[in-house]
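Since the structure comes first, as structure tokens, the remarks are kept for the end.
For ligands, and for the atoms within them, numbers begin at 1 and follow the listed sequence.
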Amino acid sequence: MTDTLTLTRPDDWHLHLRDGAALTAVLPDTARQFGRAIVMPNLKPPVTTVADAEAYRARILAALPAGMTFEPLMTLYLTDRTTPDEIVRAKASGIVHGVKLYPLGATTNSDSGVSSLEHCLPVLEKMAEVGLPFLLHGEVTDPDIDIFDREAVFIERTLAPLIARLPELRVVLEHITTAQAAEFVASASANVAATLTAHHLLMNRNAMLVGGIRPHHYCLPVLKRETHRQALLKAATSGSAKFFLGTDSAPHARHTKEAACGCAGMYTAHAALELYAEAFDSVGALDKLEAFASFNGPDFYRLPRNSGTVTLRRESWTVPATLAYLDDAPLVPLRAGETLDWKLQG
Ligand SMILES: NC(=O)N[C@@H](CC(=O)O)C(=O)O
Ligand SMILES: [Zn+2]
Ligand SMILES: [Zn+2]
């Protein structure tokens with residue numbers, strides 16, 4: 001049995017850092033583990049221009065505790081008003097590494113999202129031309145489509161036609177949750193990849209709905225049935241370079257989750273690598289974790305792999321019940337009050 005695991009320093013290819021006091025509270029959790037992260041642009045208001053991204057990047061670096069190194073990889077939030085010129089500026093900036101699609105109304109802070117990709121074709125063509133990846137929250141928002149089917153329908157209605165139209169566009173289907181998504185990505189061209197969260201590798205929808213409704217296990221795309229979780233775990237541990245780590249750690253203050261209409265998003269950054277190690281260990285695939293966490297992402301984004309390493313040890317520890325977040329508004333991390341079997345050293 002492996003008890004110690006040393007990995008090339010990993011990166012998080014899908015992360016919500018928020019802003020202000022929330023940013024200051026959560027950033028150290030990520031910076032302890034990851035060299036870089038693709039930082040999601042769904043602030044209020046969203047990060048839609050290179051100027052916004054530069055200012056947000058400066059706020060992230062200013063919030064980083066002394067002595068920690070971490071590189072935020074910025075993204076732009078695609079809107080119906082994004083211009084091809086902004087894409088050219090984004091590529092030239094060197095700090096923007098992707099453009100994010102939030103279908104209008106699909107998830108947290110998506111009310112500036114895109115109503116139809118048809119409007120955005122000139123922008124998407126420019127992204128393909130300059131080589132800026134397109135990052136997708138892959139769910140349709142059609143009210144007639146059942147929430148558990150929204151990812152699979154997105155693949156049929158939006159992703160497949162997009163790829164057929166612009167095969168040279170590099171696309172990341174974020175936080176995939178279904179067997180359909182895993183199969184689609186695995187059989188698509190090398191320009192199509194996916195991120196996988198630790199929580200979708202570890203939990204199915206029973207964790208949200210059995211024995212009472214558990215708001216801290218509610219996220220989007222929503223947890224699916226066990227067959228899907230198994231398909232995701234198989235994809236993550238398959239050795240395919242198309243699948244890589246993206247926590248989708250998405251902090252929301254406790255009272256906004258424990259509410260009649262609770263926010264979507266799980267906070268996992270406090271123990272991200274430990275949670276992935278548990279998932280990979282559960283199928284005897286710890287040897288596949290390094291490529292998933294540290295190689296496949298930078299290779300797809302055409303960035304150098306990190307130097308340096310992190311070490312995990314098989315060691316029990318208890319996750320705190322809450323973490324400090326905003327004044328009088330704590331954060332409930334995934335596995336709050338429970339024991340984890342892996343621990344990041346140092
Ligand atoms: N994943 C979530 O459930 N929530 C994310 C948004 C997102 O990634 O869809 C958030 O910003 O809170
Ligand atoms: Zn999303
Ligand atoms: Zn997200």
(request) Tell me, with the steps shown, if Ile147 and Leu220 meet side chain to side chain contact (heavy atoms under 4.5 Å, CB included). (result) CA-CA 9 Å; Ile147 189 155; Leu220 289 169; 4.0 Å; yes
(request) I would like to know whether Asn204 and Leu223 meet side chain to side chain contact (heavy atoms under 4.5 Å, CB included); could you show each step before the answer? (result) CA-CA 5 Å; Asn204 63 39; Leu223 294 173; 5.8 Å; no
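With 3.5 Å as the limit, one finds a donor-acceptor pair spanning the side chains of Thr177 and Lys224. Using modelled atom types, one finds a donor on one side chain and an acceptor on the other under 3.5 Å when comparing Thr197 with His200.
Pro133 has its side chain out of reach of His97: every pair of non-hydrogen atoms, C-beta onward, lies at least 4.5 Å apart.
Around the Zn ion (ligand 2), the protein atoms of type N, O or S found under 2.8 Å away are His137 ND1, His175 NE2, listed by chain and number.
Grouping the Ile, Leu, Val, Met, Phe, Trp and Tyr side chains by contacts below 4.5 angstrom, directly or via other members, places Tyr267 apart from Trp317.
Taking the six-membered ring where the residue is Trp, the centroids of His137 and His175 are separated by under 6.0 Å.
Geometrically, Arg36 does not engage Phe70 in a cation-pi contact defined by less than 6.0 Å to the ring centre and at most 45° from the axis.
Ring-plane geometry between Phe244 and Phe300 is classed as tilted, the angle between the planes lying from 30 to 60 degrees on a 0 to 90 degree scale.
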For ligand 1, list every N/O pair with the protein closer than 3.5 Å, one pair per line with the distance.
{"residue": "ligand 1", "atom": "1 (N)", "partner": "Leu220", "partner atom": "O", "Å": "3.0"}
{"residue": "ligand 1", "atom": "1 (N)", "partner": "Asp248", "partner atom": "OD2", "Å": "2.7"}
{"residue": "ligand 1", "atom": "3 (O)", "partner": "Leu220", "partner atom": "N", "Å": "2.8"}
{"residue": "ligand 1", "atom": "3 (O)", "partner": "Ala264", "partner atom": "O", "Å": "3.3"}
{"residue": "ligand 1", "atom": "3 (O)", "partner": "Gly265", "partner atom": "N", "Å": "3.2"}
{"residue": "ligand 1", "atom": "4 (N)", "partner": "Ala264", "partner atom": "O", "Å": "3.1"}
{"residue": "ligand 1", "atom": "8 (O)", "partner": "His16", "partner atom": "NE2", "Å": "3.1"}
{"residue": "ligand 1", "atom": "8 (O)", "partner": "Asp248", "partner atom": "OD1", "Å": "3.1"}
{"residue": "ligand 1", "atom": "9 (O)", "partner": "Thr107", "partner atom": "OG1", "Å": "2.7"}
{"residue": "ligand 1", "atom": "9 (O)", "partner": "His137", "partner atom": "ND1", "Å": "3.0"}
{"residue": "ligand 1", "atom": "11 (O)", "partner": "His16", "partner atom": "ND1", "Å": "3.3"}
{"residue": "ligand 1", "atom": "11 (O)", "partner": "Arg18", "partner atom": "NH1", "Å": "2.9"}
{"residue": "ligand 1", "atom": "11 (O)", "partner": "Arg18", "partner atom": "NH2", "Å": "3.4"}
{"residue": "ligand 1", "atom": "11 (O)", "partner": "Asn42", "partner atom": "ND2", "Å": "2.8"}
{"residue": "ligand 1", "atom": "12 (O)", "partner": "Arg18", "partner atom": "NH2", "Å": "2.8"}
{"residue": "ligand 1", "atom": "12 (O)", "partner": "Thr108", "partner atom": "OG1", "Å": "3.2"}
{"residue": "ligand 1", "atom": "12 (O)", "partner": "His252", "partner atom": "NE2", "Å": "2.7"}
{"residue": "ligand 1", "atom": "12 (O)", "partner": "Ala264", "partner atom": "O", "Å": "3.2"}

